[in-house]
Structure formats: structure tokens, C-alpha cells
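A short worksheet on the structure shown next.
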Amino acid sequence: MIELNLPPYPCKLKREKDKLLIFDDLRRRYVTLTPEEWVRQHFVAYLVNQKGFPRGLMGNEISLTLNKCNRRCDTVVYDRNGNPLCIAEYKAPHIEITQKTFDQIVRYNRVLQVDYLFVSNGLSHYCCRIDYATNSYTFLPDIPAYSDL
């Protein structure tokens with residue numbers, strides 16, 4: 001897999017038949033290792049290990065209904081009361097992050113109404129803080145620590 005602009009972590013890999021799998025600590029099972037999954041696992045490890053996000057308040061592949069269609073958020077982070085706080089959207093490293101990526105995560109946010117949006121392809125990372133009072137957003141220079149959210 002490609003080297004990412006994220007700290008390495010001791011991931012658990014295994015081969016099953018012709019597939020390479022990676023252990024997802026949040027889902028507590030092995031999942032197929034795709035380039036996007038490689039980014040997801042590294043980004044989650046970064047949030048937990050470097051930014052102090054509680055693993056128990058995070059979920060991968062969280063289902064939601066948008067316009068009567070089932071969708072899945074790549075990662076959702078919750079506050080200590082169980083309310084959604086952040087959504088993360090991942091792309092494979094070879095996929096450029098474009099307005100279309102931000103449009104996708106904003107659609108998910110219509111349902112969840114979180115305060116922070118994270119977008120990453122493992123090489124470039126973006127964080128927006130949503131201000132519902134002014135109906136605006138601000139790009140932050142870095143992903144904040146969980147304690148600062």
C-alpha cells in the first residue's frame with residue numbers, strides 16, 4: 001500500500017484466500033483492504049493516538065437515510081452524550097479531493113447536523129467547522145484534539 005501523510009500504526013493484516021484484510025478496531029473485525037480502507041484505518045488511528053479521540057465514541061460505516069436512500073458515513077465521531085459531533089469522508093490516495101467530495105459530506109451532514117467535517121485521501125486532510133448560527137463554515141488549519149471540539 002502507498003505511504004500516507006499520516007503517522008504509521010501497527011495495523012493487523014492477514015490474507016484470506018485471494019484477499020488481503022485489515023483489522024478494523026472500531027468494527028472489531030477484519031475487512032477487505034482497499035486503498036480507501038487503508039486511509040480510513042490510518043486516519044482513525046491518527047484521531048485516536050495523536051488527537052485523543054475516544055475509540056468508544058467512534059463508528060465506521062455508519063448508516064443513515066438521506067432522501068429515502070440508505071447511505072453510509074465513513075466515520076462518525078460522537079460526543080459524550082452520544083450525539084454526532086464529526087463526520088469523516090475518505091477517498092483513496094489516488095483520488096483527488098474535489099468540490100464533489102465536499103458536496104457528498106455536506107449531504108450527509110443534512111441528516112446528522114455535526115459541528116465538524118473531516119475529508120482525507122491520506123495525503124491531504126481538510127477540516128471544516130460548521131457555524132449554524134451564521135450558516136457558514138470555516139476551514140481549520142489542523143484537525144483539533146477531541147478535547148478542543
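Predicted model only: the values in this text are computed from it and were never measured.
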Between Cys11 and Gln41, does a side-chain contact (heavy atoms from CB on, under 4.5 Å) hold up when you go through it step by step? CA-CA 8 Å; Cys11 58; Gln41 296 307 319; 6.0 Å; no
Step by step, would you call Asp74 with Lys91 a salt bridge (charged side-chain N to carboxylate O under 4.0 Å, His left out)? CA-CA 10 Å; Asp74 287 338; Lys91 298 298 178 193; over 6 Å; no
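Taking the ring pair (Phe, Tyr, Trp, His ring centres under 6.0 Å) definition, one finds that Tyr116 meets it with nothing, sequence neighbours left out. By the salt bridge (charged side-chain N to carboxylate O under 4.0 Å, His left out) test, Asp115 is found to be paired with no residue, residues two or more places apart in sequence or in another chain being considered. For Arg107, the salt bridge (charged side-chain N to carboxylate O under 4.0 Å, His left out) test picks out no residue, with sequence neighbours left out. By the ring pair (Phe, Tyr, Trp, His ring centres under 6.0 Å) test, Tyr126 is found to be paired with Phe102, residues two or more places apart in sequence or in another chain being considered. When the ring pair (Phe, Tyr, Trp, His ring centres under 6.0 Å) test is applied to Tyr78, no partner is found at least two apart in sequence or on another chain.
With contacts defined as side-chain heavy-atom distances shorter than 4.5 Å, the pair Cys86/Leu149 qualifies. Counting only heavy atoms from C-beta outward, the side chains of Tyr30 and Glu16 never approach each other to under 4.5 Å. The closest side-chain heavy-atom distance from Leu6 to Gln50 is not below 4.5 Å. For the pair Val114/Ile130, no side-chain contact is recorded, criterion being any heavy-atom separation below 4.5 Å from C-beta on. Counting heavy atoms from C-beta on, the side chains of Glu61 and Val31 never come closer than 4.5 Å.
Rounding to the nearest 0.5 angstrom, the gap separating the CD atom in Glu89 from the OH atom in Tyr108 is 5.5 Å.
Within a 6.0 Å sphere centred on CD of Glu96, heavy atoms belonging to other residues, nucleotides or ligands number 12 at most.
Between Thr134 and Ser136, the side chains place a donor N or O and an acceptor N or O closer than 3.5 Å (distance only, hydrogens not considered).
The two residues Val39 and Leu4 make their nearest non-hydrogen contact at CA-CD1, 4.0 Å.
The stretch residues 45-76 participates, sequence neighbours left out, in these ring-ring contact (aromatic ring centres under 6.0 Å, His included) pairs: Phe43-Tyr46, Phe53-Tyr146.
Using a cutoff of 4.0 Å between basic side-chain nitrogens and carboxylate oxygens, Asp24 and Lys12 are not scored as salt-bridged.
Of the candidates Leu33, Leu21, Leu20, Ile22, Lys14 forms a side-chain contact (heavy atoms from CB on, under 4.5 Å) with just one, namely Leu21.
For Tyr9 and His42, the gap between ring centers is short of 6.0 Å.
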